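What follows is a single structure, written as structure tokens, with notes after it.
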Amino acid sequence: MKDTLDKEQTRAALLELFETLLSRYGALNWWPADTPFEVCVGAILTQNTNWLNVEKAIVNLKREGLLSAEALREIDEGRLAELIRPSGFFNVKSARLKGFVGWLFERYGSLDAMFQGDWIGLREELSAVRGIGPETCDSILLYAGGKPSFVVDAYTRRLFSRLGLMREEDDYHRVRALFMDHLPAEVPLFNEYHALIVEQCKRHCRKKPLCDGCPLTRFCTFLAAGRP
DNA sequence: ATCCTGTGGG
DNA sequence: CCCACCGGAT
């Protein structure tokens, strides 16, 4: 039995996994935010951080009327850090938010302007901004800008390595390419797929797996490999 | 490989 | 108490 899939088999596998997750969890309609700018802020605040903690920080920012690029540009970095304290890493994240809005104004003037035109080029630019790594960048492109850029995170690696479709140590570009090269570049598909991966990993595919009731057991090599 | 950091769950 | 959390920079 061959242990590698060809392109068509990989495409079919990825789509079958998507359909299975979708039928289990339903459409999740990400990102949970009121505006594209709020998505950008959330994407930075959620770096290596539980989303519940991010929500607290977002509530603080909303209460202070700070969920706009203009307001964030004006606020003192130290005060911003205090407001986003619940999201953890507040000093670095405050600097990153200030850096992002500063760059945004200099380079484009507004989010709308930023999302006009070629998003491939924008991806390069965004990635070069301090504190915007590959995942944050793709989250902004997909969930704030509606661009078909697949988002990869630690959950994606954990799930798909356990499914035998990649190695956990594969770098970001390689993992992203698995999806970008085998799936149609459709925003609703990319949007739901990443959200469903997150949901699946919160519910079942944890570090310490909760395989009870997992919708993917029939695809999973993790149990079969006998390595919990 | 280590630092950045609060919060909730087991 | 300990760990994990929708990472990124050095």
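Below, read A as the first sequence line, B as the second, and so on, with proteins coming before strands; counting in each chain starts at 1. Only a predicted model underlies this, so the values are computations on that prediction, with no experimental measurement involved.
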Any Lys/Arg nitrogen of Glu168(A) or Arg162(A) sitting under 4.0 Å from an Asp/Glu carboxylate oxygen of the other?
no
For Arg158(A) and dC5(C), is the shortest distance between a side-chain N/O and OP1 or OP2 below 4.0 Å?
yes
Looking only at dG6(B), dG7(C), dC4(B), the nucleotide nearest the Phe89(A) side chain is dC4(B)
Interatomic distance at P, dC3(C) relative to dT2(B), whole Å:
15 Å
Roughly how many Å is it from NZ in Lys207(A) to P in dC2(C), rounded to a whole number?
16 Å
Give the other cluster members for Leu52(A), using side-chain heavy-atom distances under 4.5 Å between Ile, Leu, Val, Met, Phe, Trp and Tyr residues; answer none if it is isolated.
none
Take the protein atom CG of Asp153(A) and the nucleotide atom P of dC5(C), then report the distance between them rounded to whole Å.
10 Å
Proximal nucleotide (of dT5(B), dG6(B), dT7(B)) relative to the Arg85(A) side chain:
dG6(B)
Nearest-Å distance, CD (Glu55(A)) to C1' (dG6(B))?
15 Å
Under 3.5 Å side-chain donor-acceptor pair for Arg96(A) and Gln47(A)
yes
Comparing Leu52(A) and Lys93(A) on DNA chain B - which has the more 5′ nearest nucleotide
Lys93(A)
Does the pair Arg79(A) and Glu82(A) meet the rule for a salt bridge (Lys or Arg N to Asp or Glu O under 4.0 Å), with working shown?
CA-CA 5 Å; Arg79(A) 194 165 97 77; Glu82(A) 287 309 310; over 6 Å; no
Closest approach to the side chain of Arg96(A), judged atom by atom: which nucleotide of dG8(C), dT5(B), dT10(C) is it?
dG8(C)
Per atom distances to the Arg130(A) side chain, the nearest of dT10(C), dG8(B), dG7(C) is dT10(C)
Using the side-chain heavy atoms of Val92(A), tell me which of these nucleotides is nearest: dC5(C), dG8(C), dC4(B).
dC4(B)
Taking the P atom of each, how far is dT5(B) from dT10(C), in whole Å?
14 Å
For Lys147(A) and Ile120(A), indicate whether the former's side chain and the latter's backbone hold a donor-acceptor pair under 3.5 Å.
no
Of the listed nucleotides dG8(B), dG6(B), dG7(C), the one nearest the side chain of Phe90(A):
dG6(B)
Nearest-nucleotide wise, let me know which of Tyr172(A) and Asn50(A) is further upstream toward the 5' end of DNA chain C.
Asn50(A)
Between dG6(B) (P) and Gln47(A) (CD): distance, integer Å:
17 Å
